[in-house]
Visitor: 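Handing you this structure, nothing more for now.
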2 protein chains.
Amino acid sequence: MPDDVRWLTDKERVAWLALADLMLRLPAALDAQLLRDSGITLYDYFVLSNLSMHPERTMRLSELARITSSSLSRLSNVVKRLEQRGLLRREPDPDNGRYTNAILTGAGWDLVVAAAPAHVGAVRDYVIDGLTDEQIETLRSVACHVTERVRENGAC
Amino acid sequence: MPDDVRWLTDKERVAWLALADLMLRLPAALDAQLLRDSGITLYDYFVLSNLSMHPERTMRLSELARITSSSLSRLSNVVKRLEQRGLLRREPDPDNGRYTNAILTGAGWDLVVAAAPAHVGAVRDYVIDGLTDEQIETLRSVACHVTERVRENGAC
DNA sequence: CTCTCGATGTTCAAGGTTGAAGTCAGGCTA
DNA sequence: TAGCCTGACTTCAACCTTGAACATCGAGAG
């Protein structure tokens with residue numbers, strides 16, 4: 001029963017290999033820009049940026065882990081390092097001691113504000129600029145389709 | 001001069017965040033399937049699969065590193081582990097001692113052949129199936145656009 | 001022939017990620 | 001109130017990646 005496999009067609013394979021190459025190269029390129037210009041990784045930026053956009057610049061760690069699609073273990077380590085650098089601080093939720101809040105400090109806010117323009121510039125350079133509105137919309141729908149399928153099949 | 005920044009529009013930002021989420025989740029999902037079913041990572045699979053499709057099942061390490069978009073250092077470590085597991089072997093290029101060839105063994109070939117159907121199934125499940133031909137073509141052109149821009153701006 | 005140089009891999013230390021095990025708070029049940 | 005029990009982190013060992021430093025090979029210049 002090996003050969004009821006539905007192999008990829010040429011066009012499907014080429015598209016998949018192009019996406020695989022993107023997954024290998026784009027994170028490294030964005031990491032490099034942020035590390036060089038602001039001393040943080042892309043993942044650090046996601047964490048700080050999400051905090052900066054929330055009320056009180058505060059979020060629960062489990063919520064941050066969910067939004068950034070990472071394990072709680074990884075987030076815990078990242079947050080510990082960011083706290084040691086003074087970019088955020090941790091406090092138990094005063095309403096419920098089981099939760100831990102991450103709170104962006106003034107220094108963290110300043111760093112995000114300073115880092116954002118060059119980061120957005122890199123995202124434009126590498127991804128957005130040069131695409132038509134239609135391509136951008138298709139990119140969104142394809143990426144959402146993929147993450148939904150992963151969520152369905154992966155973690156229930 | 002901070003505010004000549006071209007921030008992302010809503011549609012651009014949503015598309016970018018969807019792609020970022022894909023980059024965080026899809027590699028982990030494909031790694032999990034391959035590790036569970038075949039005991040190798042997605043990157044291992046790329047290496048073995050590229051070897052299996054080349055004449056003599058042989059490639060130079062530097063060529064493998066280029067094709068898999070990774071550092072030579074990473075590839076060297078991965079190849080060392082795959083060699084220890086008997087899936088490939090290394091030999092100096094007989095025509096030019098500067099080069100090292102990686103050569104797929106019989107066991108490596110068998111493993112790729114055994115792993116391929118489920119891996120292709122996962123790629124279909126997570127990415128390809130459910131997309132129209134047009135979406136697949138746009139995915140390819142967008143991903144190629146991104147990797148070209150990264151190559152231009154990143155490593156010259 | 002020898003020297004230098006560029007390109008190819010390898011190694012090593014530093015640091016990051018993972019998954020399993022451990023800790024802790026508060027809700028639920030009796 | 002006591003005794004689980006679940007969910008939210010934290011920690012730790014094992015493993016992986018990275019980048020810098022180190023060989024090594026062969027080509028080209030003098």
Side-chain angles (χ1 to χ4, degrees), chain A residues 23-36 39-47 58-85 88-103 154-156, chain B residues 23-36 39-47 58-85 88-103 154-156:
Chain A
M23 292 191 304
L24 284 167
R25 288 184 174 280
L26 184 55
L30 293 172
D31 267 345
Q33 179 274 314
L34 278 169
L35 272 174
R36 178 166 40 78
I40 57 175
T41 66
L42 180 59
Y43 185 78
D44 294 338
Y45 181 87
F46 281 151
V47 169
T58 296
M59 287 179 77
R60 297 204 331 231
L61 292 193
S62 48
E63 170 87 354
L64 258 179
R66 195 179 56 74
I67 292 206
T68 59
S69 296
S70 87
S71 67
L72 207 41
S73 167
R74 176 185 189 182
L75 181 69
S76 180
N77 285 314
V78 168
V79 163
K80 183 169 55 177
R81 290 192 289 270
L82 294 176
E83 186 174 35
Q84 284 164 356
R85 295 170 60 182
L88 55 77
R89 65 180 195 281
R90 278 180 291 192
E91 287 182 3
D93 185 328
D95 295 340
N96 189 333
R98 282 180 299 187
Y99 301 143
T100 305
N101 285 323
I103 307 168
C156 255
Chain B
M23 292 191 304
L24 284 167
R25 288 182 172 282
L26 184 54
L30 293 171
D31 267 345
Q33 179 273 316
L34 277 169
L35 271 174
R36 178 167 41 77
I40 58 175
T41 66
L42 180 58
Y43 185 78
D44 294 337
Y45 182 87
F46 280 151
V47 169
T58 296
M59 285 179 78
R60 295 201 336 226
L61 293 192
S62 47
E63 170 88 353
L64 259 179
R66 194 179 56 73
I67 291 205
T68 59
S69 295
S70 86
S71 68
L72 208 40
S73 168
R74 177 184 189 184
L75 180 69
S76 180
N77 284 314
V78 169
V79 163
K80 183 168 53 177
R81 290 191 289 270
L82 294 176
E83 185 173 36
Q84 284 164 356
R85 295 171 59 184
L88 55 77
R89 65 179 195 280
R90 279 180 290 191
E91 288 182 4
D93 186 327
D95 295 339
N96 189 333
R98 281 180 297 186
Y99 302 142
T100 304
N101 285 323
I103 307 168
C156 259

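Computation of the quantities below employed the complete heavy-atom set of this structure, encompassing side-chain atoms and omitting hydrogens, waters and symmetry-equivalent molecules. All chains are named by letter (A, B, ...) in the order of the sequence lines, taking the proteins before the strands, and each is independently numbered beginning at 1.
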Visitor: Between B:D31 and B:Y43, which heavy-atom pair has the shortest distance, and what is it?
Guide: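 Heavy atoms only, the tightest pair is OD1-N, 4.5 Å.
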
Visitor: Taking all heavy atoms of A:S71 and all of A:R74, pick out the closest pair and write down the distance.
Guide: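 Closest heavy-atom pair between A:S71 and A:R74: OG-N, 3.0 Å.
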
Visitor: Within this structure, what is the CZ-to-P distance between B:R60 and C:dT8, rounded to whole angstrom?
Guide: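 Interatomic distance, CZ of B:R60 to P of C:dT8: 7 Å.
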
Visitor: Under a plain distance cut-off of 3.5 Å, with no hydrogens placed, do A:R25 and B:S69 share a side-chain donor-acceptor pair?
Guide: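 On atom types as modelled, these side chains qualify, holding a pair under 3.5 Å.
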
Visitor: From B:I40 CD1 over to B:R36 CZ, what is the distance, rounded to the nearest 0.5 angstrom?
Guide: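 Output value for this atom pair is 13.0 Å.
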
Visitor: Of the listed nucleotides (C:dG16, D:dT10, C:dT11), which one gets closest to any side-chain atom of A:T100?
Guide: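 The answer is D:dT10, which lies nearest to the side chain.
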
Visitor: Looking only at heavy atoms, what is the nearest atom pair of B:L72 and B:S62, with distance?
Guide: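 Smallest interatomic distance, heavy atoms only, reads CD1-CA, 4.1 Å.
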
Visitor: Whole angstroms only, please: what is the CD-C1' distance between A:E83 and D:dT11?
Guide: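 Going from A:E83 (CD) to D:dT11 (C1'), I get 15 Å.
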
Visitor: Measuring to OP1 and OP2 of C:dG9, would you say a side-chain N or O of B:K80 lies under 4.0 angstrom away?
Guide: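 B:K80 to C:dG9 OP1/OP2: no side-chain N or O under 4.0 Å.
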
Visitor: Using a heavy-atom cut-off of under 4.0 Å over every strand shown, decide if A:L72 touches base, sugar-phosphate, or nothing.
Guide: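 Here A:L72 touches the bases of the nucleic acid.
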
Visitor: In this structure, how many angstroms lie between the C1' atom of C:dC24 and the CD atom of A:E91, rounded?
Guide: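 Nearest whole value for this atom pair: 18 Å.
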
Visitor: What's the OH-C1' distance between B:Y99 and C:dG6, to the nearest Å?
Guide: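 Spelled out: OH on B:Y99 to C1' on C:dG6 is 11 Å.
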
Visitor: Round to a whole Å and report the spacing from CG of B:L24 to P of C:dT17.
Guide: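 Rounded to the whole Å, the gap is 11 Å.
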
Visitor: Separation of A:L75 atom CG from D:dT10 atom P, in whole Å?
Guide: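 The distance from CG of A:L75 to P of D:dT10 comes to 9 Å, rounded to the nearest Å.
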
Visitor: When the distance from CZ of B:R81 to C1' of C:dT11 is rounded to whole Å, what number comes out?
Guide: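 Answer to the nearest Å: 13 Å.
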
Visitor: Please report the closest heavy-atom contact between B:G39 and B:R85, naming both atoms and the distance.
Guide: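 Scanning both residues, the minimum pair turns out to be O-NH2, 3.1 Å.
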
Visitor: Would you kindly give the CG-to-P distance between A:D93 and C:dG26, to the nearest whole Å?
Guide: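 It works out to 10 Å between those atoms.
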
Visitor: Is there a side-chain polar atom (N or O) of B:R90 under 4.0 Å from OP1 or OP2 of C:dT10?
Guide: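 For B:R90, the contact criterion (side-chain N or O under 4.0 Å from OP1 or OP2 of C:dT10) is met.
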
Visitor: Shorter than 3.5 Å, N or O on both sides, protein versus nucleotides 18-25 of chain D: list them out with atom names.
Guide:
from   : atom 1 : to    : atom 2 : distance (Å)
D:dG19 : O6     : B:S73 : OG     : 2.8

Visitor: Assess the residue pair A:E83 and A:K80 against the criterion (salt bridge (charged side-chain N to carboxylate O under 4.0 Å, His left out)); give the C-alpha distance rounded to whole Å, side-chain angles, the decisive distance to 0.1 Å, and a yes or no.
Guide: CA-CA 5 Å; A:E83 186 174 35; A:K80 183 169 55 177; over 6 Å; no

